[in-house]
Each structure stands twice: as C-alpha cells, then as structure tokens.
Amino acid sequence: MKYKMIVLDLDDTLLQDDHTISPRTKKALMDAQEVGVKVVLASGRPTYAMYDIAEELRLEEYGSFILSFNGAKITNCQTGEELFSSTLSPETVHHLYELSRRENVWMHTYVGDSIVTEAGNQFTNIEGEITGLEIFEVDSLIDSVKEPVVKVLMLEEESKLAIVEQKLQEELAGQLSVMRSKPFFLEFTEAGVTKGTSLNHLIEQLGIEREEVIAMGDSYNDLAMIEFAGLGVAMGNAPEDIKEQADYVTDTNMNEGVAKVVEKFVLKTVQLV
C-alpha cells in the first residue's frame, strides 16, 4: 500500500514530553513530504497553538492542513482558509456550565485566542502551558460567552472525571460529542464532530482514500481517526483499550514511535531508509 497522508496527534504522540519533535522524527516527516505524502496535524489544541509545529514541519510549503479543536476546525496551512468549522451555541455553553456546577468539576472555553474560566485551577493552568494561550479569569463564564465557541472542556482528577464522562456521554448522547483528550480533560464539541469525521471531510476534498491514510494517536479523542484510517496506529504509551482498537502499535512518544512508523510504512517503499 502506498500511503498518501500521515495524520498525527500532537501531545504524547508527535511531541516528546518536553513538547519538542525529536530530530529523527522530524527527518522522517520531512522525507515523507519530499516524496509527496501529506503530513496533517490533528489535535484537541486550538488552531493558534498548533501554528509553531506546523511551521517547524513546513506544512505551508508542502500545502498541508491542521485539524484543530478535536476536528472542529480544518485549516489550510498554505492559504489560511478554514475548510470546515463547527461551533457550540452560547446556550449550549451555558447548559454545559450548569452541568459542570452540578457535577462539581472545573470548566473553561475559548474566546478568541484566549482561555476563559471562572476560577484558576491546576488543570486549566496545564492547558495554558501546553497551548501557550493566555488565561482570563472572569466573574461569570455565562456572561462572558455571548458568541459561539468551538469547544468546551471540563476538568478534574482522572478518577472523578471518568465517572462524569460516562454519565454525560449517556445524558448528552446525540446532542454533543463527549470525549477525553487527557485523563483530566473532558472535551465537548458539536455532535458528530471528531478527528475521524473531520479527517473524512478532508480526504474527500483531496480525493484521497481512507486506505491511503495513516493516523497515529495515544488517547480517546484519537480513537475515531485511528479506527477510520487505513492504518490506525496507537502509540506505545496509549491505554490498552486504545491499542486493542488499532491496526498497529508502535513505540512510545519518547522512543521514536512516530518515526518508526513513517520509516517502516512510508519511506521503505520509496527506498529512502
């Protein structure tokens, strides 16, 4: 099989624990692009927080794409055009706020290129560190959200958030997509919007078949694209139930897992490695 697209989650997949791309992984991805393979970044991160990685991999030059906010936005790196955008209404955000209060968990969302929350907490601080976005603490989250937003996060310790996740997945079934991107991040987007559906939308526009796509990830918000892709790859650091759903399990993000897949399934077919 000749693969035409490699789709990569960022944190704990493409990126090492210090949020950098290893030299070996970068070389493998640049070599893949040189032979015409599209490298697509797919993350729960806001678009703004993915630009530096897209720039490092020269996605603008190679005409590639960013799937941000768990697939709620698709951006053409070459033109800056949004090919797809999904949002949540202010009323939906307000309802989620009431649910967060009921379940006694933290909540934040995004207004412009900033994170907005009512009270500082360690989990929102982690999101700020990962994305580089400024955090604004407001008196009322409801009063601060007057326009549609792309997604909402609820945040809490893993054991408690797992219970909230199951409860709200059942309660909001058919209304919203509900999934965890990290053990302490529970994400809400428009119903039916996942990295998998967004990836399908992109390849239909490009005339690429799903069998020609490799998708790699480590977490539950990656599962839809892992299951969708012709070659769905789970990282070695992924939970066991993610690995069970994947076509292939590679090494960890700290041991060149992405590079090993690109070298094995893409570059060897063109005799570059």
Side-chain angles (χ1 to χ4, degrees), residues 3-15 19 21 25-26 29-30 32-33 36-89 108-116 127-128 130-134 147-153 177 179 181 185 187-208 210 212-217 219 221-222 224-226 228-229 258:
Y3 293 103
K4 296 181 179 180
M5 179 179 285
I6 301 166
V7 187
L8 299 166
D9 172 53
L10 297 188
D11 299 295
D12 303 312
T13 298
L14 171 63
L15 304 180
H19 305 302
I21 304 172
T25 294
K26 183 175 180 179
L29 293 172
M30 299 311 296
Q33 291 182 107
V37 178
K38 295 288 187 187
V39 172
V40 175
L41 305 181
S43 175
R45 290 188 184 200
T47 313
Y48 172 84
M50 299 172 67
Y51 283 144
D52 56 340
I53 301 161
E55 183 176 347
E56 182 177 355
L57 294 176
R58 294 160 53 193
L59 298 194
E60 178 182 358
E61 176 182 337
Y62 289 102
S64 201
F65 304 87
I66 288 173
L67 277 60
S68 54
F69 292 105
N70 277 331
K73 284 188 183 292
I74 304 175
T75 304
N76 184 322
C77 294
Q78 199 164 57
T79 66
E81 176 189 4
E82 282 189 3
L83 304 182
F84 173 77
S85 181
S86 167
T87 57
L88 302 176
S89 69
H108 73 234
T109 189
Y110 306 88
V111 176
D113 289 329
S114 301
I115 299 169
V116 177
E127 172 81 340
I130 290 172
T131 63
L133 299 181
E134 189 171 2
E147 300 292 335
V149 305
V150 180
K151 73 172 183 176
V152 163
L153 267 71
S177 287
M179 68 197 81
S181 57
F185 288 172
E187 311 212 1
F188 300 80
T189 54
E190 188 179 11
V193 173
T194 67
K195 291 184 183 183
T197 57
S198 186
L199 175 56
N200 184 41
H201 186 80
L202 177 61
I203 65 171
E204 284 183 347
Q205 293 194 42
L206 298 178
I208 294 174
R210 63 189 295 180
E212 298 171 320
V213 177
I214 299 173
M216 290 184 252
S219 195
N221 64 325
D222 301 315
M225 72 174 185
I226 289 172
F228 174 81
V258 168

What pairs with Q33 under side chain to side chain donor-acceptor pair (under 3.5 Å), at least two apart in sequence or on another chain?
none
Pairing residues for A49 by the side chain to side chain contact (heavy atoms under 4.5 Å, CB included) criterion, not counting sequence neighbours:
R45, P46, T131
Partner residues of E190 under the salt bridge (charged side-chain N to carboxylate O under 4.0 Å, His left out) criterion, sequence neighbours left out
none
Set of residues satisfying side chain to side chain contact (heavy atoms under 4.5 Å, CB included) with respect to A229, sequence neighbours excluded
V213, A215
The criterion is side chain to side chain donor-acceptor pair (under 3.5 Å); which residues satisfy it with D9, sequence neighbours excluded?
T13, K195
With sequence neighbours left out, what residues match E187 under salt bridge (charged side-chain N to carboxylate O under 4.0 Å, His left out)?
K151
Can you name the residues that form a side chain to side chain donor-acceptor pair (under 3.5 Å) with E134, not counting sequence neighbours?
none
What pairs of residues pass the side chain to side chain donor-acceptor pair (under 3.5 Å) test when at least one of them lies in residues 46-56, not counting sequence neighbours?
T47-S68
Just jot down the side chain to side chain donor-acceptor pair (under 3.5 Å) partners of D12, sequence neighbours excluded, or say none.
K182
Dump the intermediate steps for side chain to side chain contact (heavy atoms under 4.5 Å, CB included) on L41 and L59, then the final yes or no.
CA-CA 9 Å; L41 305 181; L59 298 194; 3.7 Å; yes
Pairs meeting criterion salt bridge (Lys or Arg N to Asp or Glu O under 4.0 Å) with involvement of residues 61-78, two or more places apart
R58-E61, K73-E82
What's the spacing between L202 CG and Q205 CD if we round to 0.5 Å?
6.5 Å
For H19, enumerate each residue passing the ring-ring contact (aromatic ring centres under 6.0 Å, His included) test, keeping only those at least two apart in sequence or located in another chain.
none
ring-ring contact (aromatic ring centres under 6.0 Å, His included) with F69: which residues, sequence neighbours excluded?
Y110
